[in-house]
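Let me begin by presenting the structure, written as structure tokens, before commenting on it.
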Amino acid sequence: MRAGNHPETTRYNYVLAASQLAEYRGERMPEIGGACDPSLVDSRQVTAFQAAVIEERSAGTGLNKYKALQQFFRWLVIEGEVERSPMDGVPQPTAVQELVEVLSDEETRRILEVCEGRGFVQLRDQALVRMFYNIGGRLAEIGDLLVPDVDLDNNSVVLTGKGGKQRQVRFGARTAGALRRYVRARSRRPGLIGIDQLWIAAKGARPLKPNGIKIRLRELGNRAGVEHVHAQRWRHSFAHEWKLAGGDTGDLMLLMGRSSEEMPRRYGASAAAERAQQVHARLGIGERV
């Protein structure tokens with residue numbers, strides 16, 4: 001997957017799916033005698049695992065696990081570890097596209113309030129939240145930023161999206177201020193010589209990776225009383241605000257790193273009714289007589 005230039009978040013999720021299948025076999029199927037050997041997995045076990053994921057999580061999560069395990073066992077076949085993939089015969093889950101709720105300005109304000117302070121972690125969290133709020137980048141795009149990617153002279157950042165495609169996105173004055181404060185604090189952090197990753201963990205001289213950022217955002221949301229906080233919700237909020245202001249879809253695609261119009265149409269879909277109502281009021285249909 002590294003050779004295919006897949007982002008770290010994708011690689012993590014693929015490994016996670018295989019680990020969760022192993023854990024499921026070990027805990028819920030003790031009669032099979034352990035969970036360490038993937039060559040012993042059969043279609044019945046994968047089907048049971050998938051059904052449990054759908055019941056306990058969602059059909060969308062079940063589909064993600066299905067695709068990850070499909071690639072995992074395909075690799076095992078290529079490597080000669082198994083003769084046949086146990087995914088053969090396992091039905092692919094049908095997942096209805098779930099609407100992602102946008103994060104309101106008020107909710108973001110509450111999250112920023114719990115980040116207040118002048119300590120290193122507080123300054124880092126303020127900069128992180130403002131980046132997601134302001135530019136609508138993906139988790140991996142912002143999470144994998146390097147210090148040279150950020151241009152504080154021109155208030156812009158170079159994001160590396162899917163397939164290694166890069167794009168330059170500008171950010172506002174408040175985000176720039178938060179980034180400057182964080183970068184100054186980062187420069188005083190000992191042991192960072194040779195470490196180019198922008199985001200640094202709370203302890204030690206080590207990068208804060210995208211999965212760690214994902215966990216941190218959820219923690220900040222819980223402290224602020226905002227449920228299910230994740231980067232994708234700000235991405236949807238960005239698209240919603242853009243459409244609400246009458247922004248061009250083509251420009252939105254460029255800013256969000258999309259090559260087709262399908263995904264930009266889905267972004268911010270949960271707030272589509274609000275946009276439609278505002279357009280209705282502005283057009284004044286049925287009010288001219």
Side-chain angles (χ1 to χ4, degrees), residues 1-102 138-141 161-163 210-211 214-215 218 227-233 235-236 239 256-270 272:
M1 294 188 72
R2 285 196 297 271
N5 198 30
H6 292 282
E8 182 182 347
T9 48
T10 301
R11 303 200 302 266
Y12 170 83
N13 288 330
Y14 275 35
V15 173
L16 179 64
S19 300
Q20 288 172 333
L21 173 60
E23 183 179 7
Y24 178 87
R25 292 178 75 242
E27 292 183 355
R28 304 200 194 183
M29 297 180 173
E31 71 279 1
I32 64 176
C36 296
D37 190 348
S39 69
L40 300 178
V41 176
D42 59 33
S43 298
R44 178 186 61 85
Q45 296 163 11
V46 177
T47 301
F49 167 72
Q50 184 170 286
V53 171
I54 293 172
E55 181 179 351
E56 296 168 11
R57 300 285 297 280
S58 69
T61 302
L63 179 60
N64 290 336
K65 302 301 178 187
Y66 175 91
K67 291 179 177 179
L69 291 173
Q70 194 175 49
Q71 294 300 319
F72 174 65
F73 286 108
R74 181 178 297 167
W75 174 74
L76 288 176
V77 171
I78 293 172
E79 291 292 307
E81 296 291 335
V82 298
E83 292 184 2
R84 180 175 177 269
S85 171
M87 298 303 294
D88 295 345
V90 177
Q92 178 173 318
T94 300
V96 177
Q97 184 63 40
E98 297 180 0
L99 294 179
V100 177
E101 293 293 330
V102 301
R138 299 178 178 92
L139 173 64
E141 290 173 343
K162 295 184 177 181
N211 191 57
K214 177 181 178 180
I215 294 171
R218 190 186 309 132
E227 295 183 347
H228 310 302
V229 172
H230 52 82
Q232 195 74 348
R233 290 189 65 187
R235 190 162 164 82
H236 281 255
M256 302 193 77
R258 302 301 315 190
S259 57
S260 72
E261 293 187 8
E262 176 59 26
M263 287 304 291
R265 277 198 295 268
R266 283 163 50 184
Y267 285 130
S270 66

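Computed from a predicted model, the values in this text were never measured in an experiment.
- How far NZ of K65 is from OH of Y24: 14.5 Å, rounded to the nearest 0.5 Å.
- For L40 against R25, the heavy-atom pair with the smallest separation is O-NH2, 3.7 Å.
- Between the side chain of S43 and the main chain of D88, a donor-acceptor pair closer than 3.5 Å is present.
- Considering CG of N211 and CZ of R11, their distance stands at 12.5 Å, rounded to 0.5 Å.
- Side chain of R218 to backbone of V229: no donor-acceptor contact under 3.5 angstrom is found.
- Of all heavy-atom pairs spanning P38 and F73, the tightest one is O-CE2, 3.8 Å.
- Interatomic distance, S85 OG to F72 CZ, rounded to the nearest 0.5 Å: 10.0 Å.
- Partners of R28 under the side-chain hydrogen bond (donor to acceptor under 3.5 Å, both in side chains) rule, at least two apart in sequence or in another chain, are E56.
- Distance alone, capped at 3.5 Å, is enough to place a donor-acceptor pair between the R233 side chain and the H228 backbone.
- With a 4.5 Å cut-off on side-chain heavy atoms, F49 and V41 do not count as touching.
- The shortest distance between side-chain heavy atoms of L139 and H230 does not fall below 4.5 Å.
- Contacts of Q71 classified as side-chain hydrogen bond (donor to acceptor under 3.5 Å, both in side chains), with partners at least two apart in sequence or in another chain: none.
- Between M87 atom CE and L69 atom CG the span is 5.5 Å, to the nearest 0.5 Å.
- In this structure, R84 and V77 have side chains that are not in contact, with every pair of non-hydrogen atoms separated by 4.5 Å or more.
- Taken from NZ in K67 to CD in Q92, the straight-line distance is 6.0 Å, to the nearest 0.5 Å.
- The two residues A68 and A17 make their nearest non-hydrogen contact at CB-CB, 3.6 Å.
- I54 contributes atom CD1, which lies 5.0 Å from atom CD of Q50 (distance to the nearest 0.5 angstrom).
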